[in-house]
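As structure tokens, the structure follows; a few thoughts come after it.
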Amino acid sequence: MGPAAFAEVLTSVGRHWRPLCYHAPMISRDDRIGGELPAGSVMAAMSGGVDSSVCALLLQRAGCDVRGATMVLHGDVAAGAGGAAAWSEGAVCGSSRDVEDARAVCRHLGIPHDAFDLRDRFDAAVVRPFCEAYLTGRTPNPCIDCNRYLKFEALQQRRRELGLRYVATGHYARRRWDEVSGRWQLLRAADVAKDQSYVLYHLTQDTLAHMLFPLGDLTKNEVRALARDHGFTTADKPESQDICFVPDGDYAGFIEGWCRVRDCEGAVSRASLMRGIEGGLKAAPTETRLAGMGENPKAALAEAGLAIASAADAFAPGEIVDHAGRVLGQHAGLIHYTVGQRKGIGVAAREPLYVLGKDNTANRLVVGFRDELESRGVVARDVNLIGGDALGGPRRVRVKTHYRQRPVDATVEQTGPDELTVVFAEPQRAAAPGQAVVVYDGELVIGGGTAARSF
RNA sequence: UGGGGUAUCGUCCAACGGCAGGACUCUGGUUUUUGGUACCAGCUACCUAGGUUCGAAUCCUAGUACCCCAG
């Protein structure tokens with residue numbers, strides 16, 4: 001079916017076109033490529049969840065040559081005889097359960113399925129930067145890194161190796177070829193409630209050219225209905241939540257354990273942590289360097305108001321103070337807190353108290369009332385602009401500093417080769433350093449970066 | 001040590017002599033591919049001992065503790 005015929009089908013079925021997708025080849029209209037429907041071989045990234053299952057289904061129905069691919073991201077290999085490997089159980093992304101679910105869906109669809117062991121890559125590109133960010137007082141978003149370095153970079157590499165044309169994922173987002181600029185664009189999903197473009201701001205032209213987002217025009221309910229209609233075992237899996245490699249939610253405990261594992265003596269000492277952090281900085285591939293740290297991590301840390309030495313005290317109790325320095329209580333270690341946090345401070349006041357900032361040097365937690373948390377803007381580093389060009393002078397945009405936040409009016413200006421400065425139209429609750437700042441122009445994702453500081 | 005004042009959830013405050021309420025904290029839940037936020041729900045208290053009264057957090061007496069003035 002050529003694009004003209006495809007458009008005709010859409011027109012002819014009119015308002016009832018959606019149900020047709022249950023029975024006919026139907027994928028997002030925005031997945032046409034240069035006016036053509038996607039043709040050729042596609043690697044469908046399958047997490048074992050409902051979205052990626054339906055993603056594979058839609059590709060197959062569109063007539064693509066599909067093969068499923070699942071990344072094994074974590075899980076221990078049992079020390080069995082003969083090196084027999086057994087993935088650990090667990091309903092978390094990239095676990096054995098998910099690999100099995102993805103494989104079952106592929107069997108159901110009659111398509112090949114590959115499982116890639118990317119645990120080392122996951123550790124290096126996601127887990128280590130996650131721990132190091134928290135240890136230096138920032139609040140990382142590991143899902144962003146996982147998307148960037150695993151779901152896109154690593155899978156694209158496998159795609160090239162296998163000689164396939166596309167990688168498709170179950171993200172709720174859309175891409176579009178822009179004739180005017182001659183470039184690919186990333187757009188928000190049709191289902192605003194499920195839009196996931198926020199975690200994709202780092203996509204490049206090269207990657208977008210080889211990406212498909214078959215779910216971009218569907219709603220979650222439609223996706224689940226499709227999965228049920230096809231009897232997928234993944235149809236009623238719950239939405240993913242929490243950090244996949246910290247299923248119990250105790251990220252501080254996880255990081256402490258991570259530090260211990262890295263230190264043979266088993267002690268979380270200042271010296272061992274410093275060794276770990278500095279070693280990590282040296283050994284990490286360039287793309288997994290501490291965000292925005294550049295060539296000289298220590299200088300960069302100092303510039304950011306962080307001291308490497310103090311990072312070792314991330315677990316040490318200290319004082320809770322207000323903006324005037326009055327001591328209000330004791331904190332349990334700065335690693336347990338993040339800017340904007342309300343719960344867990346443990347100090348009773350006239351109104352709720354929120355974390356305003358973390359003073360790593362003095363090991364003090366600065367708290368205040370809600371209105372004190374508001375900021376005029378935010379500076380983002382480690383910038384990616386999907387269009388490729390520099391942004392230049394102030395530009396009216398909309399900005400998200402959290403996955404679920406509705407975009408807010410702002411102006412953005414390129415204030416450095418790798419720096420954006422966002423000024424909100426109305427003061428916003430401050431974003432924690434380390435969080436993603438994503439810039440939109442209507443439905444279009446312009447790009448984004450990592451929050452360095454609010455002002 | 002003299003004079004005055006105050007004692008109520010973990011914290012800060014309410015409650016004509018008539019079922020002790022709220023805010024904050026805390027706990028649980030909902031929402032959510034990050035941390036958080038937001039929303040909903042829940043737990044916990046009348047300083048001690050007497051007295052007055054049908055009935056006391058409330059009034060009276062004593063004790064205890066703390067605070068403020070005088071030292």
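All chains are named by letter (A, B, ...) in the order of the sequence lines, taking the proteins before the strands, and each is independently numbered beginning at 1.
If you check every strand for non-hydrogen atoms under 4.0 Å, Gln405(A) touches nothing. In this structure, Tyr337(A) reaches neither bases nor backbone, as no heavy-atom distance under 4.0 Å exists between it and the strands shown. Among the heavy atoms of the strands lying under 4.0 Å from Ala432(A) is at least one base atom, whether or not backbone atoms are also near. Across all strands, Ile345(A) comes closer than 4.0 Å only to sugar-phosphate atoms, never to a base (heavy-atom distances). Among the heavy atoms of the strands lying under 4.0 Å from Val199(A) is at least one base atom, whether or not backbone atoms are also near. Residue-level contact check: Gly344(A) touches the backbone only, with heavy atoms under 4.0 Å from sugar-phosphate atoms and none from bases.
To the nearest whole angstrom, the two C1' atoms, one in rG21(B) and one in rU61(B), are 30 Å apart. If you take atom P in rU44(B) and the same atom in rA23(B), they sit 16 Å apart, rounded to whole Å. Remark: the separation of the C1' atoms in rU48(B) and rU27(B) is 32 Å, to the nearest Å. Taking atom C1' in both rC13(B) and rA70(B), the straight-line distance is 30 Å, to the nearest Å. Comparing the same atom, P, in rA45(B) and in rG5(B) gives a spacing of 30 Å after rounding to whole Å.
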Please determine whether side-chain hydrogen bond (donor to acceptor under 3.5 Å, both in side chains) holds for the pair Tyr403(A) and Asn141(A), giving the CA-CA distance in whole Å, both sets of side-chain angles, and the decisive distance to 0.1 Å.
CA-CA 10 Å; Tyr403(A) 177 67; Asn141(A) 186 336; over 6 Å; no

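As the counterpart of rU1(B), rA70(B) is assigned, both hydrogen-bonding distances of the Watson-Crick or G-U wobble pattern falling under 3.5 Å. A 3.5 Å limit on both hydrogen-bonding distances identifies no Watson-Crick or G-U partner for rC19(B). Look at rA65(B): its Watson-Crick or wobble partner, with both distances under 3.5 angstrom, is rU6(B).
Distance, Leu353(A) CG to rA23(B) P: 16 Å, rounded to whole Å. In this structure, Lys343(A) places its NZ atom 12 Å from P of rG36(B), rounding to the nearest Å. Atom CZ in Phe369(A) sits about 11 Å away from atom C1' in rC12(B), given to the nearest Å. The CZ-P distance, from Arg370(A) to rG36(B), rounds to 17 Å in whole Å. One interatomic measurement links the two molecules: CE of Met46(A) to C1' of rU33(B), which rounds to 17 Å at whole-angstrom precision. Remark: C1' of rU33(B) and CG of Asp98(A) are 12 Å apart, rounded to the nearest angstrom. Summarising the geometry, the separation between CD on Gln428(A) and C1' on rU37(B) is reported as 13 Å, rounded to the nearest angstrom.
Side-chain contact between Phe130(A) and Ile243(A) is present, with at least one heavy-atom pair separated by less than 4.5 Å.
Proximity of Tyr403(A) to the phosphate of rU33(B): a side-chain N or O atom is located under 4.0 Å from OP1 or OP2. OP1 or OP2 of rU25(B) lies within a sub-4.0 Å distance of a side-chain N or O belonging to Arg342(A). A sub-4.0 Å separation between OP1 or OP2 of rU33(B) and a side-chain N or O of Lys194(A) is present.
A salt bridge does not link Arg228(A) with Glu222(A): none of the charged nitrogens is closer than 4.0 Å to a carboxylate oxygen.
Side-chain N/O atoms of Asp242(A) and base N/O atoms of rU32(B) include no donor-acceptor pair closer than 3.5 Å. Remark: the Glu239(A) side chain and the rU31(B) base include no donor-acceptor N/O pair separated by less than 3.5 Å.
Note on ring orientation: taking the six-membered ring where Trp is involved, the planes of Phe152(A) and His171(A) are parallel (angle under 30°, cut-offs 30° and 60°).
A donor-acceptor pair under 3.5 Å is absent between the side-chain atoms of Asp382(A) and the main chain of Thr450(A), judged by distance alone.
The number of heavy-atom neighbours closer than 6.0 Å to CG of Asp248(A), taken from other residues, nucleotides and ligands shown, is above 12.
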